[in-house]
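A short worksheet on the structure shown next.
All residue numbers refer to positions in the sequence shown, counting from 1.
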Amino acid sequence: QVHLVSSGGRTVHTGDSLKISCVASGRPFSSFSMGWFRQAPGKEREFVAAISRSGGTTDYADSVKGRFTISRDNDENTVCLEMISLKPEDTAVYYCASTWYYTLQTTPEKYEAWGQGTQVTVSS
């Protein structure tokens, strides 16, 4: 089992940038593809970004393409989500997740382990 701890969320203003991180432990980090999801109040958890085991392939939700960048450091067991041009609609709890699937996955059901979430609030 892999244990994920996310951090870095805070309140920012519209147009600001923010980087959130997730540290993994318990299993070889490079064995997992990783993803970021978010959940706003009253809404279902939605896919944000995913990255392959090597970091060579990424995928993004249309709503964040060009603004968010997912990256990973397998030596540091860390996956990050760098966000620019933040909008109020980006406000949510952001979760990192890991999956054994080799191909990138965009649905929560395909992920086995989840971090505790970190709150990102974008004020207008």
Side-chain angles (χ1 to χ4, degrees):
Q1 185 72 2
V2 63
H3 182 59
L4 303 173
V5 178
S6 52
S7 63
R10 60 184 177 90
T11 298
V12 297
H13 293 106
T14 298
D16 283 353
S17 301
L18 184 66
K19 185 175 183 178
I20 57 177
S21 302
C22 175
V23 179
S25 61
R27 293 284 187 180
F29 185 59
S30 58
S31 301
F32 301 96
S33 296
M34 298 296 296
W36 283 98
F37 289 76
R38 66 187 181 185
Q39 189 165 17
K43 295 189 177 181
E44 293 189 352
R45 192 166 297 190
E46 65 172 359
F47 170 75
V48 175
I51 189 166
S52 63
R53 297 176 181 186
S54 68
T57 305
T58 57
D59 191 16
Y60 297 92
D62 288 343
S63 60
V64 306
K65 277 180 183 175
R67 299 189 299 121
F68 290 12
T69 303
I70 188 171
S71 62
R72 67 188 295 163
D73 184 334
N74 286 345
D75 291 332
E76 298 293 328
N77 293 348
T78 300
V79 60
C80 295
L81 186 68
E82 191 151 11
M83 305 176 284
I84 66 170
S85 302
L86 282 161
K87 306 174 182 180
E89 50 263 45
D90 295 317
T91 295
V93 177
Y94 283 72
Y95 298 90
C96 60
S98 64
T99 177
W100 287 106
Y101 281 89
Y102 185 80
T103 54
L104 298 185
Q105 303 297 319
T106 62
T107 57
E109 297 76 24
K110 296 295 179 65
Y111 288 78
E112 296 88 20
W114 293 82
Q116 84 285 10
T118 187
Q119 176 71 48
V120 173
T121 302
V122 185
S123 62
S124 56

Do any N or O atoms from the side chain of [X] and from the backbone of [Y] form a donor-acceptor pair under 3.5 angstrom?
X	Y	result
Ser30	Asn74	no
Gln116	Ser6	yes
Arg72	Phe29	yes
Thr58	Ala50	no
Ser33	Tyr101	yes
Arg53	Ser31	yes
Tyr60	Ile70	yes

Closest heavy-atom pair and its distance - [X], [Y]:
X	Y	result
Ala92	Gln119	O-NE2, 3.4 Å
Gly9	Thr118	N-OG1, 2.9 Å
Ile84	Gly66	CD1-O, 4.1 Å

Nearest-0.5 Å distance that lies between atom [atom1] in [X] and atom [atom2] in [Y]:
X	Y	atom1	atom2	answer
Phe32	Leu4	CZ	CG	8.0 Å
Lys110	Ser98	NZ	OG	15.0 Å
Glu82	Arg67	CD	CZ	13.0 Å
Glu89	Ser124	CD	OG	10.0 Å
Thr99	Trp114	OG1	CH2	10.0 Å
Arg45	Lys43	CZ	NZ	15.0 Å

**Request:** Would you please name every residue forming a side chain to side chain contact (heavy atoms under 4.5 Å, CB included) with Thr103, sequence neighbours left out?
**Result:** Gln105

In the structure I gave you, are the side-chain heavy atoms of [X] and [Y] within less than 4.5 Å of one another anywhere?
X	Y	result
Ser25	Asn77	no
Met83	Val12	no
Val120	Arg10	no
Asp90	Arg38	yes
Phe68	Trp36	no

Cluster question for you: counting only ILVMFWY and a side-chain heavy-atom cut-off of under 4.5 Å, with indirect links fine, are [X] and [Y] together?
X	Y	value
Val2	Ile20	yes
Val79	Phe47	no
Leu18	Val122	yes
Tyr95	Met34	no
Ile51	Tyr94	yes

**Distance under 6.0 Å and angle within 45° of ring axis: Arg27 vs Trp100** = no

**Item:** Shared-cluster residues of Val5, by chain and number - hydrophobic side chains joined below 4.5 Å
**Value:** none

**Fill in**
For residues 53-124, the disulfide (SG to SG under 2.5 Å) pairs (sequence neighbours left out) are Cys22-Cys96

